Amino acid sequence: MSGESARPGVRKHCSTLVRAAKAGLRPTGNRVTGYLVIGAVGALIATSLAVGAGTADTRPGLADIGAWLAGSGKGEVAHAHGLTGAVDGKAVLPAGMAGHPLSIAQNGDTTLVLDERTGRVVRIDAAQLTAEQSADYGTAGLQLAAGGAYAYVLDPAKGTVQRIDPALTTPESPPVELGGKPGAAVVDGQGTLWVPLPDQGTVVPFVKGTKGTAVEVADAGHDLALTVADGRPVVTDRTAAAMKVLTVSGVQGTFELGGAPAGTDPAAGLLVPAGTDGSVVPVLDAGSGDLVVVDVRSRHTLRARVPVQGQELGAPQLLGKRVYLPDESTGRLLVYDTSLSALADPVPITDGPGELELFVRDGLLWVNDQDGAAAAVIDADGEVRHIGKYETDVPSARKPGERPVEDSVPTGVPAAQLPPGAPAPGVTVTAPGATVTPSNGTSAPAPVPGQPGPTETGPAPSAPPVQEPGAPGAPQSESLSGAIRVTFSEALGATPQRYVLKGATPDQTVTPAEIGPDGPFAFEVEGGSCEEQYSFTVVAEYDGGRPGKESAPSAFARPCIAPGAPEQLTFAPAQGGHGGTLTWQPPQDANGSVTYTLNGPSGVVETTEPSYVFKNLENSRIHNAAVMAGNAAGSGRATQGWLDLTPPDQRMRIVNNDTSPETVGIRNKPTTDKATSWRVGEIPGLSSPEVTVHCKAKGQELTAAGITTDVWAFHTYVDSKGIYTGYTFDAFVNSRSNPDVWECR
């Protein structure tokens with residue numbers, strides 16, 4: 001094909017890519033995703049201009065916005081394009097892996113696949129679309145984790161973590177003992193591996209491949225699940241229904257899930273994803289249907305109830321304003337729209353029951369049935385593109401003349417979202433003036449815009465049926481600082497006169513008092529106690545004496561959020577040191593009874609006052625301290641502070657030396673023992689110069705100038721010959737009688 005004849009194909013290919021980019025740039029509030037889309041499309045257009053389009057012997061590069069999906073039934077992995085859903089690459093796994101459960105760790109350009117039945121780790125070469133580099137760890141039930149420049153294999157049965165080379169897949173170090181049986185591990189945005197040890201109630205970090213100090217997060221024996229949210233590790237204590245944000249130095253925030261989830265049997269109970277796209281973590285109680293959405297950055301929580309009877313649900317995922325709940329009993333996704341406070345249409349994935357994997361990557365939600373051919377990718381607008389993992393015409397470019405995937409209406413798009421004038425799926429559009437063949441077999445001209453159509457005959461239309469009053473949708477509760485926002489979906493059927501809220505207590509104020517039939521469908525309930533939880537219903541009231549219809553109750557919520565970080569930490573040392581008072585300002589958004597948790601040199605202590613007095617600390621040190629504020633909703637981020645117990649210098653004069661010609665020694669240690677100490681300087685006799693006293697210390701007991709003591713002054717003396725720092729017997733300094741001179745230790 002000549003370069004000139006190839007240009008129309010290139011133009012068509014570029015046009016297709018631009019249309020895909022526009023689809024990805026709908027106003028979702030995620031600018032980063034939009035920029036990635038533009039970058040990816042630009043790169044693909046440049047590739048098309050360089051190598052042409054449709055050339056049979058040219059292998060297209062994999063999309064920057066894409067993901068690898070396991071097809072265990074055929075023993076292969078497929079790479080799908082995130083903007084189109086098209087499979088643009090495929091790699092066949094080594095023989096013997098077909099039919100085995102697989103797990104994939106995708107990290108930048110590194111993609112590793114673990115055969116969970118044999119323990120074999122395989123690296124996918126994205127450039128060659130091969131899977132030849134592998135290492136066999138010879139054990140079933142292993143875990144694979146990768147992030148940053150590190151990859152790990154965990155053996156839950158042996159309780160070990162082994163670092164492996166992500167390029168060669170071979171071991172880089174011997175297995176490290178964890179001291180317990182690990183749960184499912186995750187890797188955070190900094191590349192740190194986090195391993196939960198439920199039997200001990202701790203989580204162990206591995207920073208840059210090195211095991212760190214375990215972080216205590218729960219009582220021993222509690223069921224723990226990890227999530228990476230906003231790049232940070234979050235642990236959910238499924239036994240106590242609590243969520244905690246972690247750092248290598250300890251817990252940096254807690255959230256009480258409260259309500260129905262508390263005390264849930266973890267075998268039945270709280271489901272959380274392994275990772276989320278932002279700072280929001282959805283938690284589902286599979287037993288009660290309570291859905292709690294926690295923003296670990298803003299500390300806001302949203303609560304709703306979804307039907308769960310007869311359904312086998314997996315861990316929820318959140319993208320945009322929608323929470324997706326995999327229903328493995330039907331092979332579809334249930335969709336809860338937080339902006340509408342209601343369930344949306346479910347998304348079918350498989351033709352029947354199936355185990356669905358969900359994960360978020362590049363601002364897209366990926367769904368995969370690794371045991372079958374079904375998969376899908378969903379964007380933040382809720383648009384669904386189904387993926388045919390078992391396509392055979394891969395990895396070659398799309399055939400000339402083949403209709404691009406992105407030109408079709410994506411599955412799952414409501415008709416209301418179609419462009420003006422676009423037909424609904426399955427509807428045939430006939431050109432104006434053409435002949436239309438009705439179902440009776442006769443022919444008639446199609447209507448022409450602007451001209452009256454043919455007169456239709458037939459029975460007069462009947463009156464629309466009278467609609468029955470309906471109940472509003474189950475309310476959704478969002479905890480605010482000092483209030484609860486209650487949103488709901490409008491009643492179906494007859495139009496009510498108004499909506500009113502039920503469930504508020506006498507010490508709460510509901511705004512507005514009522515809501516008209518056109519909304520907005522939200523109440524705000526101010527007041528109440530942070531220590532209490534509240535549930536509400538919405539009643540649709542109708543005219544004509546028709547009875548009102550009451551919604552199902554909302555999930556329980558508190559009129560408060562976990563407080564933010566304390567402010568303005570200051571430390572005032574006590575006279576003589578060895579402690580002092582740490583004070584702070586309460587968070588501005590603190591509601592209810594606030595308790596402060598201090599983690600410092602005295603261990604972990606709690607107080608209800610915005611201050612704490614430390615005692616019996618060692619001088620000449622700077623002690624670290626961290627303060628978190630907490631209430632019934634949880635606790636916010638900790639504020640770091642320091643207790644500076646460096647003794648302050650004091651200017652003093654040498655005493656008891658005016659009448660003696662003998663020099664006063666300055667020694668390296670507070671003793672005259674020549675075997676262990678020596679003079680570093682001396683002060684001339686018959687003088688009383690000024691020295692800088694740093695602190696005083698216990699040493700050898702001596703008698704001089706009629707004074708017996710074991711106190712020595714640690715000071716600095718300066719003369720024309722030099723600067724001398726050391727210990728002088730205190731009979732010549734008298735630091736022991738100066739309350740502003742601290743003990744050295």
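Here the structure is a predicted model, which means the values were calculated and not measured. Side chains are part of it too, since the values below use all heavy atoms of this structure and drop only hydrogens, waters and symmetry mates.
Although no hydrogens or angles enter the test, the distance criterion places a donor-acceptor pair under 3.5 Å between the side chain of Lys389 and the main chain of Ala70. Of the possible polar contacts, one joining the Arg299 side chain to the Ala562 backbone as a donor-acceptor pair under 3.5 Å is found. The closest donor-acceptor contact from the side chain of Arg117 to the backbone of His100 lies at 3.5 Å or more, if one exists at all. Proximity of a side-chain donor or acceptor of Asp188 to a complementary backbone N or O of Thr192 within less than 3.5 Å is detected. Side-chain atoms of Thr597 never come within 3.5 Å of backbone atoms of Met628 as a donor-acceptor pair (strictly under, hydrogens ignored). Looking only at distances, a side-chain donor or acceptor of Asn107 sits under 3.5 Å from a matching main-chain atom of Gly148. Within the 3.5 Å criterion, the main-chain N or O of Asp88 finds no donor-acceptor partner in the side chain of Glu391. In this structure a side-chain-to-backbone donor-acceptor pair under 3.5 Å is missing from Glu256 to Ser635. A donor-acceptor pair under 3.5 Å is formed between the side chain of Ser479 and the backbone N or O of Arg558. Proximity of a side-chain donor or acceptor of Thr110 to a complementary backbone N or O of Pro166 within less than 3.5 Å is not detected.
How far CG of Asp285 is from CG of Leu257: 10.0 Å, rounded to the nearest 0.5 Å. Of the inter-residue distances, the one linking Gln143 atom CD with Leu193 atom CG reads 9.0 Å to the nearest 0.5 angstrom. One finds the CG atom of Leu356 at 15.5 Å from the CH2 atom of Trp366 (value rounded to the nearest 0.5 Å). Leu142 CG to Leu114 CG: the interatomic distance, rounded to the nearest 0.5 Å, is 6.0 Å. Atom CG of residue Leu284 and atom CG of residue Leu325 lie 5.5 Å apart, to the nearest 0.5 angstrom. Separation of atoms CG (Asp327) and CG (Leu334) is listed at 5.0 Å; rounding is to 0.5 Å.
His300 and Asp295 share no donor-acceptor pair across their side chains, judged by distance under 3.5 Å alone. Between the side chains of Arg332 and Thr330, a donor-acceptor pair is found at a separation under 3.5 Å. A donor-acceptor contact closer than 3.5 angstrom is absent between the side chains of Ser477 and Arg303. For the residue pair Thr350 and Asp369, no side-chain donor N or O sits within less than 3.5 Å of a side-chain acceptor on the partner.
Contact check for Phe359 versus Pro273: no side-chain heavy atoms found under the 4.5 Å cut-off. Using a 4.5 Å heavy-atom cutoff, the side chains of Leu144 and Leu112 are in contact. At a threshold of 4.5 Å between non-hydrogen side-chain atoms, the residues Glu116 and Ser103 count as touching. Inter-residue side-chain proximity for Leu270 and Val292 is flagged as unmet; no heavy-atom pair is nearer than 4.5 Å. Between Leu197 and Leu178 the shortest side-chain heavy-atom distance falls below 4.5 Å. For the pair Val121 and Val153, the minimum side-chain heavy-atom distance is below 4.5 Å. Counting only heavy atoms from C-beta outward, the side chains of Val176 and Phe206 approach each other to under 4.5 Å. Contact annotation: the side chain of Ser72 never approaches that of Pro101 to less than 4.5 Å [non-hydrogen atoms, C-beta and beyond].
Taking every heavy atom of both residues into account, Val215 and Gly250 meet most closely at CG1-CA, 3.8 Å. The shortest heavy-atom contact between Gly314 and Leu271 is O-CD1, 3.5 Å. When all heavy atoms are compared, the tightest approach of Arg385 to Gly85 is CD-N, 4.1 Å. Across Ala229 and Val234, no two heavy atoms sit closer than the pair CB-CG2, 4.1 Å. Across every non-hydrogen atom of His222 and Thr239, the tightest pair is CA-OG1, 3.5 Å. Contact between Ile164 and Tyr152 at its shortest, heavy atoms only, is CG1-N, 4.2 Å.
A salt bridge links Arg305 with Asp290: at least one charged nitrogen is closer than 4.0 Å to a carboxylate oxygen. Salt bridge Arg297/Asp230: present, at least one basic N to carboxylate O contact under 4.0 Å. A salt bridge links Arg238 with Asp223: the closest approach of a Lys/Arg side-chain nitrogen to an acidic carboxylate oxygen falls below 4.0 angstrom.
Not counting sequence neighbours, the partners of Trp68 by the ring-ring contact (aromatic ring centres under 6.0 Å, His included) test are His79.
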Could you go step by step and tell me if Val217 and Asp237 meet the side chain to side chain contact (heavy atoms under 4.5 Å, CB included) rule?
CA-CA 8 Å; Val217 298; Asp237 180 347; over 6 Å; no
Between Leu318 and Asp277, does a side chain to side chain contact (heavy atoms under 4.5 Å, CB included) hold up when you go through it step by step?
CA-CA 8 Å; Leu318 183 141; Asp277 189 44; over 6 Å; no
Taking it one step at a time, do Glu172 and Tyr150 satisfy side-chain hydrogen bond (donor to acceptor under 3.5 Å, both in side chains)?
CA-CA 10 Å; Glu172 280 199 330; Tyr150 303 94; over 6 Å; no
Could you go through Leu364 and Ile65, starting from their C-alpha distance and side-chain angles, then the distance that decides it, and tell me whether this counts as side chain to side chain contact (heavy atoms under 4.5 Å, CB included)?
CA-CA 9 Å; Leu364 300 168; Ile65 301 180; 3.7 Å; yes
Please assess Val323 against Leu291 for the test side chain to side chain contact (heavy atoms under 4.5 Å, CB included), listing each intermediate value before the final yes or no.
CA-CA 9 Å; Val323 181; Leu291 177 65; 4.1 Å; yes
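In the displayed structure, Gln133 atom CD is contacted under 6.0 Å by more than 12 heavy atoms of other residues, nucleotides or ligands. For Glu216, the CD atom sits in a loose shell: 12 or fewer heavy atoms of surrounding residues, nucleotides or ligands are nearer than 6.0 Å. Annotation for Arg637: atom CZ does not count as buried by contact number, only 12 or fewer foreign heavy atoms lying within 6.0 Å. Within 6.0 Å of the NZ atom in Lys211, the count of heavy atoms belonging to other residues, nucleotides or ligands exceeds 12. By the 6.0 Å contact criterion, CD on Glu355 is open, its count of non-hydrogen atoms from other residues, nucleotides or ligands being 12 or less. Applying the 6.0 Å contact sphere to CG of Asp136 captures more than 12 heavy atoms from other residues, nucleotides or ligands.
Both the sub-6.0 Å distance and the 45° axial angle are satisfied by Lys74 relative to the ring of Tyr390.
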